[in-house]
Amino acid sequence: MSSAMRPSRPVNFLRWTLITVALVCAVGPVLYGVLLSVRPYSAVLMEPLDVVPGFGEIDLSSYVTAMKDESAGGFGLGRFVLNSLLVALATVAVSIVACIFGAYAVARLRYRGRRFTSGIILAVYLFPGIVLAVPKFVILSRLGLSRSLVGLLVIYVAATVPVALYMMRNYFLALPESVEEAALLDGCSLPMMLRKVVLPIALPGVVATAIYVFMIAWNEYFYALLFLVQDRSRWTAPLGLAQLTDFQVPVTVLLAGSIAVTVPVIVIFFLAQRYIVSGLTSGADK
């Protein structure tokens with residue numbers, strides 16, 4: 001880089017200052033919570049600002065208390081996390097499978113009312129969810145699914161399919177049509193082309209959409225409260241965390257539960273990171 005294009009020292013100083021401030025604001029509260037969660041509750045009460053645990057002071061009992069079952073003196077967050085994981089993964093599987101076919105049809109196939117269909121999909125997503133709560137509750141109650149994880153799965157699929165379909169439609173529109181035309185000329189049928197040509201190219205978009213759907217289902221609180229509040233054994237992680245906000249619950253347990261609930265999202269994100277960062281055109285070149 002030439003000296004004319006090289007940033008001056010004041011610009012470099014300002015840039016690194018802004019980066020440092022942003023990192024402190026983003027990472028600082030999380031790090032503070034992690035350090036407090038591994039300290040004994042008595043030590044936190046005596047020295048709340050002394051965040052660094054002393055030698056031999058690290059205590060993981062808050063995590064154990066938050067995760068173990070109520071019958072063992074805990075708060076049952078471990079079971080709630082498993083419920084959330086089951087519902088979220090099932091929501092991702094059903095929504096993504098449905099949206100792959102629906103998004104490709106909206107993006108590529110020519111049929112009457114195509115634009116109107118796309119508008120309806122977006123309108124359903126923009127419609128306030130709380131307005132639809134009562135009709136959904138009545139329908140699921142008549143089907144006998146109002147207090148089950150299956151009923152919650154149905155609600156989550158209905159809530160995530162519009163946004164997932166709209167996102168995936170944009171990924172399919174960005175794909176080069178010449179690749180699909182070449183596959184058809186080589187004798188591929190439409191299902192074979194979708195499975196062997198389109199999906200490998202659109203894999204980063206599919207994974208990104210799946211992660212977004214997972215986060216919606218994982219963090220959703222309103223419908224879980226509406227349908228499962230009377231059956232504690234089927235609570236999801238957000239409902240379990242809400243109980244930890246009681247004043248009688250030690251703050252270390254609350255922080256430990258919050259961090260434990262965040263771990264699955266972080267793990268899934270890092271496992272899928274290589275698909276997210278890879279470009280769409282790299283798949284086409286392959």
Side-chain angles (χ1 to χ4, degrees), residues 30 33-34 37 60 62-99 125 129-130 132-133 136-137 140-141 143-164 167 206-246 249 252-273 276:
V30 178
V34 172
S37 67
L60 300 179
S62 297
Y63 288 89
V64 177
T65 302
M67 302 298 289
K68 67 182 179 180
D69 200 71
E70 297 92 332
S71 60
F75 291 92
L77 195 60
R79 184 175 70 252
F80 305 150
V81 168
L82 290 178
N83 290 340
S84 280
L85 192 62
L86 178 63
V87 174
L89 291 178
T91 301
V92 170
V94 177
S95 298
I96 293 302
V97 170
C99 290
Y125 171 63
I130 193 172
L132 302 175
K136 290 178 179 178
F137 184 81
L140 289 184
S141 296
L143 294 176
L145 299 175
S146 60
R147 298 182 182 179
S148 67
L149 294 178
V150 176
L152 194 64
L153 170 64
V154 173
I155 295 298
Y156 286 174
V157 170
T160 56
V161 160
V163 60
M167 289 176 60
V206 174
V207 173
T209 305
I211 292 177
Y212 187 72
V213 171
F214 179 86
M215 294 182 65
I216 292 177
W218 182 264
N219 296 318
E220 202 283 324
Y221 175 79
F222 174 72
Y223 285 117
L225 177 65
L226 179 64
F227 290 99
L228 303 177
V229 65
Q230 297 180 355
D231 192 347
R232 185 182 178 87
S233 63
R234 292 185 173 89
W235 278 13
T236 56
L239 290 180
L241 277 180
Q243 70 168 337
L244 299 182
T245 58
D246 191 276
V249 179
T252 54
V253 176
L254 172 60
L255 292 172
S258 302
I259 294 167
V261 168
T262 309
V263 168
V265 179
I266 297 176
V267 171
I268 291 177
F269 177 81
F270 277 104
L271 289 177
Q273 187 178 14
I276 298 176

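Sequence positions, counted from 1, serve as the residue numbers for this chain. Quick caveat, the model's predicted, so the values are computed rather than measured.
Among residues two or more places apart in sequence or in another chain, the ring pair (Phe, Tyr, Trp, His ring centres under 6.0 Å) test is passed with Tyr156 by none. Under the side chain to side chain contact (heavy atoms under 4.5 Å, CB included) criterion, Leu89 pairs with Leu85, Phe214, not counting sequence neighbours. Remark: Ala90 engages Leu153 in a side chain to side chain contact (heavy atoms under 4.5 Å, CB included) (not counting sequence neighbours). Ser95 is linked by a side chain to side chain contact (heavy atoms under 4.5 Å, CB included) to Thr91, Val157, Thr160, Val161, Val213, counting only residues two or more places apart in sequence or in another chain. Taking the side chain to side chain donor-acceptor pair (under 3.5 Å) definition, one finds that Ser84 meets it with nothing, sequence neighbours left out. For Ile155, the side chain to side chain contact (heavy atoms under 4.5 Å, CB included) partners are Lys136, Leu140, Tyr223, Phe227, not counting sequence neighbours. By the salt bridge (charged side-chain N to carboxylate O under 4.0 Å, His left out) test, Arg79 pairs with Asp69, Glu70, sequence neighbours left out.
For the salt bridge (charged side-chain N to carboxylate O under 4.0 Å, His left out) condition, no pair includes a residue of residues 259-270, sequence neighbours left out. Annotation: side-chain hydrogen bond (donor to acceptor under 3.5 Å, both in side chains) contacts involving residues 209-219, sequence neighbours excluded, are absent. Residue pairs meeting the salt bridge (charged side-chain N to carboxylate O under 4.0 Å, His left out) criterion with at least one member in residues 83-99: none, sequence neighbours excluded. Applying the salt bridge (charged side-chain N to carboxylate O under 4.0 Å, His left out) test to every pair with at least one member in residues 222-231, sequence neighbours left out, gives these pairs: Asp231-Arg234.
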Practice problem: Dump the intermediate steps for side-chain contact (heavy atoms from CB on, under 4.5 Å) on Leu228 and Asn83, then the final yes or no. | Solution: CA-CA 11 Å; Leu228 303 177; Asn83 290 340; over 6 Å; no
Quiz item: After noting the C-alpha distance and the side-chain angles of Leu82 and Leu86, does the key distance pass the side-chain contact (heavy atoms from CB on, under 4.5 Å) rule?
Solution: CA-CA 6 Å; Leu82 290 178; Leu86 178 63; over 6 Å; no
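Atom CE of Met167 is surrounded by more than 12 heavy atoms from other residues, nucleotides or ligands within 6.0 Å.
Across every non-hydrogen atom of Tyr63 and Ser37, the tightest pair is OH-OG, 2.7 Å.
With contacts defined as side-chain heavy-atom distances shorter than 4.5 Å, the pair Arg232/Phe80 qualifies.
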Would you give me the side-chain donor-acceptor pairs under 3.5 Å for residues 257-265, sequence neighbours excluded?
unit_1, atom_1, unit_2, atom_2, d
Ser258, OG, Leu254, O, 2.9
Thr262, OG1, Ser258, O, 2.7

